[in-house]
Amino acid sequence: MTSVSLPIPTVGVPLPGRGCDCNSCAFYAGPDGRGGPATVEPLCTGQNSDCRFCGCSAAEADAPANACVTRKCPIRCGSRTDIAGWMADVGGTLTFDDISVDSTLPDGLPSFIPMTDGSAVTKLDASLNWPAYGVGLRRVFSPDTHTLYKRFTEQTARQALALGDHQKAVLVGYGEDPLVEAFWTRRGRDRLVERIAEQEWDLVLSCNYSIYGDWPRTEHLLNMRRSLLLAQEFAEAGVNVVPNVYWFRLEDLQRYLSWIEDTQPAAIAINVQTVRDNADWDSWERPGLHWLAENLPEDLPVILTGLSRANRIAEMVQIFGSRLTLISQNPHQYALHGAIMTPNGREDVHARTEDAFAATVQYMASLLPSR
């Protein structure tokens with residue numbers, strides 16, 4: 001008898017519902033959490049009522065196969081004509097179950113880490129001898145050419161910043177949407193993760209992919225997974241990395257908590273620099289931070305980037321205590337204009353850049369628990 005090899009049956013990649021139709025969505029949790037008619041992964045309680053993209057013409061049955069690509073729409077939703085490609089790009093699932101970020105925090109991190117423009121810190125650091133400095137992604141990965149700057153590929157990060165052996169270099173992997181999207185798209189082809197690993201940063205905060213309230217829920221789910229996937233890739237490249245946590249609903253925070261309890265990352269990072277007005281802070285960011293403070297493991301370090309108001313910093317110190325690390329570019333931004341940050345807010349004192357920088361660094365550090 002001749003044996004015949006038959007292909008192994010495969011299951012197609014689950015797709016979100018076209019037109020944000022929950023009944024045809026693979027990720028709808030249903031009213032009771034057990035899913036709907038087409039559910040494969042019950043992750044979402046339903047569409048966003050404020051979404052600007054529901055009713056997009058690409059959801060129509062007669063929409064051209066390349067409608068979304070032709071229009072260069074940046075929104076990833078169930079109506080995208082190439083949504084299957086995006087689902088495959090993130091591994092064919094929107095769960096976190098297959099992701100782990102095995103990493104450690106370097107010793108000696110201070111509770112406050114100032115960010116600079118990526119130049120040598122020799123002058124700024126002259127009177128400080130600060131334990132760590134941060135650099136934003138756009139100072140390392142060009143927003144214009146979408147390539148790594150030579151000054152960071154021809155030497156280590158510590159050499160580029162002119163740091164001493166006892167000082168730490170921290171890459172803050174946040175940036176505007178076009179920058180982080182280009183990083184995601186080019187990271188494999190250009191070996192971006194591996195090449196950043198070669199720069200020997202002491203710590204990398206992984207990119208966060210945006211979650212806007214007026215975007216489709218599919219975009220949220222894809223971006224939360226991408227943020228964790230990228231952190232995993234850095235960890236696999238041997239980088240000390242902290243995953244970014246970004247949310248829109250309570251169910252998102254609950255999913256993160258389950259993942260954190262299962263995988264025990266070294267820390268989590270949260271980018272709050274885009275939340276400037278009080279309405280978003282009070283209705284979204286602040287409640288989420290309080291929920292995390294109450295529910296996260298008590299010994300899990302939390303790194304916040306972008307807080308600058310003394311009252312907000314004080315509140316975060318109150319809820320997170322000594323496990324809080326704050327990263328901010330305010331000292332450098334103020335110093336470029338001879339200004340300093342004080343209990344009364346910004347003061348234009350016309351100081352030398354290095355003196356203003358040192359004053360603001362010391363003031364902001366004084367708002368945090370010492371280590």
Side-chain angles (χ1 to χ4, degrees), residues 11 13-14 16 25-30 32-35 39-45 86-106 109 173-174 184 193 197 203-211 217-272 285 287-305 319-325:
V11 177
V13 173
C25 183
F27 309 104
Y28 182 46
D32 57 4
R34 292 186 292 181
T39 302
V40 177
E41 298 174 357
L43 304 176
C44 175
T45 55
W86 275 103
M87 283 300 304
D89 190 49
V90 298
T93 177
L94 294 179
T95 69
F96 301 155
D97 297 346
D98 60 329
I99 303 173
S100 62
V101 181
D102 298 321
S103 185
T104 59
L105 281 183
L109 285 179
Y174 305 150
W184 176 270
V193 170
L203 183 65
V204 170
L205 306 189
S206 188
C207 299
N208 72 286
Y209 289 90
S210 295
I211 294 177
R217 188 63 178 152
T218 304
E219 179 84 17
H220 295 179
L221 298 172
L222 281 166
N223 286 349
M224 285 185 282
R225 180 167 168 84
R226 287 200 293 161
S227 295
L228 295 186
L229 278 176
L230 189 55
Q232 178 176 258
E233 291 179 15
F234 274 113
E236 290 172 346
V239 175
N240 288 330
V241 63
V242 174
N244 183 83
V245 170
Y246 230 34
W247 64 89
F248 185 68
R249 298 178 179 174
L250 175 59
E251 67 203 56
D252 302 332
L253 292 169
Q254 292 169 334
R255 276 217 297 151
Y256 279 125
L257 179 62
S258 295
W259 177 79
I260 288 166
E261 291 175 339
D262 287 344
T263 64
Q264 300 181 353
I268 61 165
I270 305 165
N271 178 18
V272 299
E285 193 80 52
L289 290 166
H290 275 261
W291 190 92
L292 287 170
E294 183 176 350
N295 290 280
L296 287 173
E298 293 182 356
D299 58 347
L300 181 71
V302 175
I303 303 174
L304 299 184
T305 299
I319 64 174
F320 287 115
S322 60
R323 60 171 161 165
L324 175 65
T325 296

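Scope of the values below: all heavy atoms of this structure, side chains included, with no hydrogens, waters or symmetry mates.
Of the listed residues (Thr218, Thr93, Leu222), just one forms a side chain to side chain contact (heavy atoms under 4.5 Å, CB included) with Met87, and that residue is Leu222. Tested against Ile303 for a side chain to side chain contact (heavy atoms under 4.5 Å, CB included), the candidates Leu205, Ile270, Leu324 yield a single pass: Leu205.
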*asked:* For Phe248 and Met224: C-alpha separation, side-chain torsions, deciding distance, then whether side chain to side chain contact (heavy atoms under 4.5 Å, CB included) applies.
replied: CA-CA 10 Å; Phe248 185 68; Met224 285 185 282; over 6 Å; no
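Side chain of Trp259 to backbone of Ile99: a donor-acceptor contact under 3.5 angstrom is found. With Thr39 contributing its side chain and Tyr28 its backbone, the two residues share a donor-acceptor pair below 3.5 Å. Counting only distance, with no hydrogens or angles, the side chain of Asn244 and the backbone of Ser206 share no donor-acceptor pair below 3.5 Å. In this structure, Ser103 contributes its side chain and Val241 its backbone to a donor-acceptor pair below 3.5 Å. Looking at Gln232, its side chain does come within 3.5 Å of a backbone N or O of Ser100 through a donor-acceptor pair. A donor-acceptor pair is defined here as one N or O able to donate and one able to accept, closer than 3.5 Å; no such pair exists between the side chain of Arg323 and the backbone of Val302. Side-chain atoms of Tyr209 never come within 3.5 Å of backbone atoms of Tyr246 as a donor-acceptor pair (strictly under, hydrogens ignored).
Under the 4.0 Å criterion applied to side-chain N and carboxylate O atoms, Arg225 and Asp89 are not assigned as salt-bridge partners.
For the residue pair Thr45 and Glu251, a side-chain donor N or O sits within less than 3.5 Å of a side-chain acceptor on the partner.
Among residues two or more places apart in sequence or in another chain, the side chain to side chain donor-acceptor pair (under 3.5 Å) test is passed with Thr104 by Asn240.
The distance from the SG atom of Cys25 to the CG atom of Leu221 is 8.0 Å, given to the nearest 0.5 Å. Rounded to the nearest 0.5 Å, atoms CZ (Phe320) and CD (Glu298) are 12.5 Å apart. Between Cys44 atom SG and Asp252 atom CG the span is 8.5 Å, to the nearest 0.5 Å. With rounding to the nearest 0.5 angstrom, the CG atom of Leu292 is 5.0 Å from the CH2 atom of Trp247.
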